[in-house]
There are 2 protein chains.
Amino acid sequence: MKLTQTEMAHTLRQAGYRLTQPRLAVLQVLEESDEGLSPEEVHQQGKTVCVSLGLVTVYRTLELLAELGLVRRVHSQQRCHGYASAGAARHHLLCRGCHRVTEFPCDGLDDLIEAVRRQTGYAITEHLLELSGVCPECQAKSA
Amino acid sequence: MKLTQTEMAHTLRQAGYRLTQPRLAVLQVLEESDEGLSPEEVHQQGKTVCVSLGLVTVYRTLELLAELGLVRRVHSQQRCHGYASAGAARHHLLCRGCHRVTEFPCDGLDDLIEAVRRQTGYAITEHLLELSGVCPECQAKSA
DNA sequence: GTGCTTGCAAACCCTTTGCAGTGAA
DNA sequence: TTCACTGCAAAGGGTTTGCAAGCAC
């Protein structure tokens, strides 16, 4: 699921924020990329969309967009501070070859979480599941 | 599963490293704590065990111990660079109240991973599953 | 026109590196 | 005794903050 500019504008407006070129640029970069990007990478690619884009603004924008749920933070062993466009799922599949980030449906997870809740007594409110491996394309390349 | 000093000494020796006071201190702190600790926290607590312990040594020791598999890196939305004593599992349950890190058995995960592999074609080599919520003790406190 | 937003520069903090003294084997 | 290890100090790099100029509304 990708977010359109219209949807984004609406979300920003509703939260009392303005729709600006830098914000559009950051979101566009994340939507056009399948990878989890670092702030630095977002800045580099964002400058092709909004020439005057500053790194500081990227940081502020990423924080804002993450707060609004328009982008999602991606943590992994390799790159700890990645950002990706927000889809519905919280489950990420990382390719260690090309760093692309894919989301996948994860039907069995709820049962699993329920089992853990029963065993431990925790009230579980969030989960983070990241699988990493090699995507079909990179497997083909290395073969 | 906790590691004893003897086991640790053996692991270090086998890899060609020396068993030193700072290394013992760092491991002891992580074993006595149920939380995922930041390098800074390990340093603070470690100084009660090894008075002269320096922060730099904590960083170097954590990296070494992680490499040897004696401690494990813990990533989460809140604290990105945490370390915890290594157990058998890779599944962590974080309490957002007291920051304790519990490990839990996760029987259904292999099936889930296999399903994702079939759907996506990825060769999945690693996984990271972190659940977070509120532990029973913290639930009781806030009640 | 108003004031939220931006970009630059500088401050900040966490982490890493260099080096001489120290202690484990 | 040897040399891996430590701790200090300083460098390094990524992130945040302050402020005047610039746009969205």
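Note that the structure is predicted; figures quoted are calculated from it, not measured. All values below were derived from every heavy atom in this structure, side-chain atoms included, with hydrogens, water molecules and symmetry-related copies excluded. Within every chain, numbering begins at 1; the chains are lettered A, B, ... in the order of the sequence lines, protein sequences first and strands thereafter.
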Carboxylate-amine/guanidinium proximity below 4.0 Å for A/Glu63 and A/Arg60
no
Quickly work out the B/Leu24 CG to C/dG23 C1' distance and round it to whole Å.
14 Å
Please report, rounded to the nearest Å, how far the C1' atom of D/dT6 is from the CG atom of B/Leu62.
15 Å
Lys/Arg-Asp/Glu bridge criterion (N-O < 4.0 Å) met for A/Glu137, A/Lys141:
no
Using a 4.5 Å cut-off on heavy atoms from C-beta on, say whether the side chain of B/Leu27 contacts that of B/Val71.
yes
Do the side chain of B/Arg23 and the main chain of B/Arg18 share a donor and acceptor less than 3.5 angstrom apart?
yes
Within less than 4.0 Å of OP1 or OP2 of D/dT6, is there a side-chain N or O belonging to B/Thr20?
yes
Does A/Ser33 use its side chain to pair, donor to acceptor, with the backbone of A/Leu30 at less than 3.5 Å?
no
Between A/Tyr17 (OH) and C/dT5 (P), how many Å, whole number?
7 Å
Integer-rounded Å distance: D/dC3 P and B/Leu19 CG
21 Å
How many whole angstroms separate atom CD of B/Glu40 from atom P of C/dT16?
14 Å
By nearest-nucleotide position on DNA chain C, the 5'-leaning member of B/Gln21 and B/Leu55 is B/Leu55
What's the CZ-C1' distance between B/Arg23 and D/dG7, to the nearest Å?
14 Å
Between B/Arg60 and D/dT6, is there a contact of a side-chain N or O with OP1 or OP2 at under 4.0 Å?
no
Give a yes or no answer on whether the side chain of B/Thr11 reaches the backbone of B/Glu7 with a donor-acceptor pair at less than 3.5 Å.
yes
Output the single nucleotide from D/dT6, D/dA4, C/dT5 whose closest atom is nearest the side chain of B/Arg18.
D/dA4
Calculate the interatomic distance between A/Arg13 atom CZ and D/dA24 atom P; express it in whole Å.
12 Å
Look at the side chain of B/His81 and the backbone N and O of B/Ser38, then say whether any donor-acceptor pair between them is shorter than 3.5 Å.
no
Does any residue of residues 43-53 of chain A have a heavy atom under 4.0 Å from DNA chain C, and if so, which ones, in number order?
A/Ser52, A/Leu53
Roughly, in whole Å, what's the span from CD in B/Glu63 to C1' in D/dC5?
15 Å
